[in-house]
Structure formats: structure tokens, C-alpha cells
Colleague: 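Before I ask anything, here is the structure I am working with.
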Amino acid sequence: MATKDRLLKLYAGGQHVTMSPEKLNDVYALSKQFTALLASSKNSYCSEIEYFQLMELQFYLALQTNHDVEAKKCMDILTDRFNINESEKLIGLRALYLQATVGNEQAFQLLKQSGEIATRGSTLENTSEDLLHLKKRAVLVHQNDPAEKYVEMLLKFSEVTPLDTSVWKELADQYIKLNHYDKAINCLQEILLIQPFAYNIIALLAETELLYIKQLESELKGPGAYVIKEKLTEVRISCRRHFLRGVELCSNYARGWSGVLAVTSQEISPQRDTTEVKLHHLATQRLKEIQEKKLSSDQNLKYVTPILTKYQS
């Protein structure tokens, strides 16, 4: 079945981690409908292994879309089939559920009781895939620790699981909070090496580059101004290219068009050429259309009015 294959592919690749909110809600609805069909048909459409993989995916999707009751239901189905005391993955799922619904402390206590804390015991290189999953959750519950310590733990984990996009995304978020925009950019580029068509990550990369532009501009009067000026030109070009790539992949992505409008404005590009002026006009038209026809999610639409007010010419 096409639906089953699509969902199993999402499960295997972990693309749900970087999906936009509207796409995530669509996939959640599809997954919920399909898993309900499997339950009513006694899993006649897939093997037992595939069924539990789909239930695990549904658990993640439910948590990401704030459907806590549905997530608990999925976790209970998995727990009924497997012994939580003998499954590192189930312990990790339980910790993730506690972190999302109750708080970090309860999640940490569960992981502590399991006897496997992320940076203690056996080395990460010698652990099973399920234990890596558990250790990852243990790392993430430390997100309220001092930022530098948390980043150090994430970096150690990224060395062992370089294809885990959620770790790179978490690292990027932390670097942005620390105003280390160049490092955040590198992390987001790692995600795009794995998922080159993730338009929301492309737009986030461009937004981070926009923050980096402002940071570089503030340093122009200091030493090494010539080098900074060259870097500034490079980042401006890259920023515009990434915003345009984002809206190319998703024509109604309001945050992407907001970025195109900003990066082609007189304020950010004081010496605009004809192409930038045309792009600025196009971005204005598209944002107004998206706003009037409500072609994007409410979360993305809230960005449109202030962006139009600030950058529209």
C-alpha cells in the first residue's frame, strides 16, 4: 500500500523531525487514519514489525502535534507487546513522553533509574541502536543546564550519530541562543546534506544568515573591517539564495517570502540592483495574496503583517 510505504519511509528517515507545522499535522492525520485501519483489520495490511514501527511513528507525530492522549495510547500499545524494563527504546519513549507532558525532572529520573545516563557507563561507540536512542534522550533532558555544557554534550552525541537531524537541529537552536550564528549555520547545513528538500530548514538557515548579517554589520567599524566586508557580501548572497530556494520548494511558505522581502529591502540591501527590486515587488504581492487567501498556517501568517509594515516599499 502506498500509504504504508510512505509512512514507513518517514519512520526510517526521521523526516518528521524537520517538517513544517502544517505538513506535520497532515502527516499526523494520515498516520492516525491508517493505524486505526490496521487496528480494525487486525494488521492484515502489514507485518507485525511494520505495525509496531508505524505505532512508534504515530507516537512521535502525536507528541509533536500536542496530541498527548494519542501519544499515550501508542506508547501503551508498544508497552503491552514489549517489556519496558528490558527495552532501552521503550524507556526512551517513556522519557520523551514525560519530558513533553510533565517536565525534564521526571524524564531524567526515569533515565537515571534505568542505569543509563548519557555520558556515563559504556562508551557511545559500543552501544546498541536502542541504547543510543535512550542516551540521546538523556542528553536532551539536560537542556536546562548551562548552555555551554549542553552544547558540549550534543557535540559528543553528534560525533556518534552524524545522520541524526534532530541533534543537529537542537545544536543549531542552542548556537542561535548563544549568538554563534556561524556555527548554527554549519549545523543547519548538516541537516540539508541529509534532507536537501526540507524547505523549512532552508528558510531557517536563511533567517540565521540574516541574523549573522546584522552581527557582521555591527563589527564593520572594528579591526579587520575589509575581511568582514567580504564575508558580509558572501553571506548576503547566500541568504537571498536560500530564501528563494525555500519558496521555490513551497510557494505558499509565508516565512520564506517574508525573508525574500526582508533581504531585498533597501534597509538590508542598500545598493539594490534591478533583480532585487523585482524580487522585492514579487515578495510583497505573494505575501499579500497568502495573507488574504490564508494560504499558510496561523503560526506563519502572524509574521506577515509586521514584515510587510517594516520592509514594504
Colleague: With a 4.5 Å heavy-atom cut-off, do Q291 and L308 have their side chains touching?
Modeller: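 Side-chain contact under 4.5 Å: yes.
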Colleague: Quick one: are F59 and L61 in side-chain contact, heavy atoms under 4.5 Å?
Modeller: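 No; the side chains remain at least 4.5 Å from each other.
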Colleague: Do L193 and I202 share a hydrophobic cluster, counting only Ile, Leu, Val, Met, Phe, Trp and Tyr and linking them when any side-chain heavy atoms are less than 4.5 Å apart?
Modeller: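 No, because L193 and I202 fall into different hydrophobic clusters, even though each may have its own neighbours under 4.5 Å.
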Colleague: Using the rule that Ile, Leu, Val, Met, Phe, Trp and Tyr join whenever any side-chain heavy atoms are under 4.5 Å apart, tell me whether I228 and I237 fall into a single cluster.
Modeller: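 They do not share one cluster, since no chain of ILVMFWY contacts under 4.5 Å joins I228 to I237.
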Colleague: Assess whether side chain to side chain contact (heavy atoms under 4.5 Å, CB included) is satisfied between H67 and K32, documenting all intermediate values.
Modeller: CA-CA 11 Å; H67 292 91; K32 184 177 181 181; 5.8 Å; no
Colleague: How many angstroms lie between CG in L10 and CG in L30, if you round to the nearest 0.5 Å?
Modeller: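 One finds 9.0 Å between CG of L10 and CG of L30.
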Colleague: Heavy atoms only: give me the nearest Q53-L8 pair and the separation to one decimal.
Modeller: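 That closest heavy-atom pairing would be OE1-CD2, 3.6 Å.
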Colleague: Would you mind reporting whether R81 and E48 have side-chain heavy atoms less than 4.5 Å apart?
Modeller: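 Heavy-atom side-chain distance check passes, below 4.5 Å.
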Colleague: Which is it for D76 and K72 under the salt bridge (charged side-chain N to carboxylate O under 4.0 Å, His left out) test, yes or no, and what are the steps along the way?
Modeller: CA-CA 6 Å; D76 288 344; K72 179 67 163 57; 3.0 Å; yes
Colleague: With a 4.5 Å limit on heavy-atom distance, are the side chains of N200 and Y253 in contact?
Modeller: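 Result yes, sub-4.5 Å side-chain heavy-atom pair found.
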Colleague: For L63 and Y97, what are the C-alpha separation, side-chain angles and deciding distance, and is it a side chain to side chain contact (heavy atoms under 4.5 Å, CB included)?
Modeller: CA-CA 7 Å; L63 269 192; Y97 176 79; 4.1 Å; yes
Colleague: In this structure, would L279 and V277 fall into the same cluster of hydrophobic residues linked by side-chain contacts under 4.5 Å?
Modeller: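 No, because L279 and V277 fall into different hydrophobic clusters, even though each may have its own neighbours under 4.5 Å.
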Colleague: Atom OG1 in T165, atom CG in L192: separation rounded to 0.5 Å?
Modeller: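 One gets 10.5 Å once the value is rounded to the nearest 0.5 Å.
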Colleague: Do the side chain of R94 and the main chain of T79 share a donor and acceptor less than 3.5 angstrom apart?
Modeller: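 No, the answer is negative, given that no donor and acceptor are paired below the 3.5 Å cut-off.
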Colleague: Is there a side chain to side chain contact (heavy atoms under 4.5 Å, CB included) between S265 and K310? Walk through the geometry before answering.
Modeller: CA-CA 9 Å; S265 67; K310 184 174 182 178; over 6 Å; no
Colleague: Which pair of non-hydrogen atoms, one from A254 and one from V304, has the smallest distance, and what is that distance?
Modeller: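 Residues A254 and V304, closest heavy atoms: CB-CG2, 3.9 Å.
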Colleague: How about Q58 and T35: does a side-chain donor come under 3.5 Å of a side-chain acceptor?
Modeller: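 The answer is no; no qualifying pair exists.
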Colleague: Nearest 0.5 Å please: distance from the CG atom of L78 over to the CZ atom of F52.
Modeller: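 L78 CG to F52 CZ: 7.0 Å, rounded to 0.5 Å.
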Colleague: Specify the closest pair of heavy atoms between L210 and C239, including all atoms of both residues, with the distance to one decimal.
Modeller: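 Reported closest heavy-atom pair: N-SG, 4.0 Å.
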Colleague: To the nearest 0.5 Å, what is the distance between CG (D26) and OG1 (T65)?
Modeller: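 Spacing of CG (D26) from OG1 (T65) equals 11.0 Å.
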Colleague: Report the residue from K231, R236, K229 that forms a salt bridge (charged side-chain N to carboxylate O under 4.0 Å, His left out) with E217.
Modeller: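 Output: one option passes, namely R236.
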Colleague: N179 and Y181: side-chain hydrogen bond (donor to acceptor under 3.5 Å, both in side chains), yes or no, with the steps?
Modeller: CA-CA 5 Å; N179 298 328; Y181 302 122; 2.9 Å; yes
Colleague: Looking only at atom types and distance, does a side-chain atom of S238 sit under 3.5 Å from a main-chain N or O of V235, one as donor and one as acceptor?
Modeller: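 No, S238 side chain to V235 backbone: no donor-acceptor pair under 3.5 Å.
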Colleague: Hey, is the main chain of A203 close enough, under 3.5 Å, to the side chain of H242 for a donor-acceptor pair?
Modeller: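 Pair absent, no side-chain N/O of H242 close to backbone of A203.
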Colleague: Which heavy atom of L205 sits nearest a heavy atom of Q189, and at what distance?
Modeller: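 In this case the closest contact between L205 and Q189 is CD2-CG, 4.2 Å.
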Colleague: Counting only N and O atoms by type, is there a donor-acceptor contact under 3.5 Å from the side chain of W168 to the main-chain atoms of N186?
Modeller: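 Checking the backbone N and O of N186 against the side chain of W168, no donor-acceptor pair under 3.5 Å is found.
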Colleague: Where is the tightest heavy-atom contact between F243 and G256, given as atom of each residue plus distance?
Modeller: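 Nearest heavy atoms, F243 then G256: CD2-O, 3.7 Å.
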Colleague: Is K177 salt-bridged to D173, going by a charged N under 4.0 Å from an acidic O?
Modeller: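 Answer for the salt bridge query: no.
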Colleague: Got D182 and Y175 here, is their nearest side-chain heavy-atom distance under 4.5 Å?
Modeller: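 Counting from C-beta outward, D182 and Y175 never come under 4.5 Å.
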Colleague: So does V27 get a backbone contact from the side chain of S31, meaning a donor-acceptor N/O pair under 3.5 Å?
Modeller: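 Checking the backbone N and O of V27 against the side chain of S31, no donor-acceptor pair under 3.5 Å is found.
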Colleague: In sequence, state the C-alpha distance, the side-chain angles, and the governing distance for Y28 and N66, and then conclude on side chain to side chain contact (heavy atoms under 4.5 Å, CB included).
Modeller: CA-CA 11 Å; Y28 166 75; N66 297 318; over 6 Å; no
Colleague: Distance check, rounded to the nearest 0.5 Å: K73 atom NZ versus M55 atom CE?
Modeller: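 Here the interatomic distance stands at 7.0 Å.
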Colleague: Are there over 12 heavy-atom neighbours, none belonging to Q33, within less than 6.0 Å of that residue's CD?
Modeller: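 No - once you tally the heavy atoms of other residues, nucleotides and ligands closer than 6.0 Å, there are 12 at most.
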Colleague: Could you check whether any side-chain heavy atom of I201 comes within less than 4.5 Å of a side-chain heavy atom of Q195, counting everything from C-beta outward?
Modeller: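 Contact flag for I201/Q195 side chains = no.
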Colleague: Is any side-chain heavy atom of E207 closer than 4.5 Å to a side-chain heavy atom of L204?
Modeller: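 Contact flag for E207/L204 side chains = yes.
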Colleague: When rounded to the nearest 0.5 angstrom, what distance separates CD1 in I290 from NZ in K288?
Modeller: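 Spacing of CD1 (I290) from NZ (K288) equals 13.0 Å.
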Colleague: Between Q174 and E170, is there a side-chain heavy-atom distance shorter than 4.5 Å?
Modeller: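 Of all side-chain heavy-atom pairs linking Q174 with E170, at least one is under 4.5 Å.
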Colleague: I'd like to know if D5 pairs up with K9 as an ion pair, taking the criterion as any Lys NZ or Arg NE/NH1/NH2 lying under 4.0 Å from an Asp or Glu carboxylate oxygen.
Modeller: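 No.
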Colleague: Which atoms form the tightest heavy-atom contact between E50 and S47, and what is the distance?
Modeller: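 Smallest heavy-atom distance, with atoms named: OE1-N, 3.0 Å.
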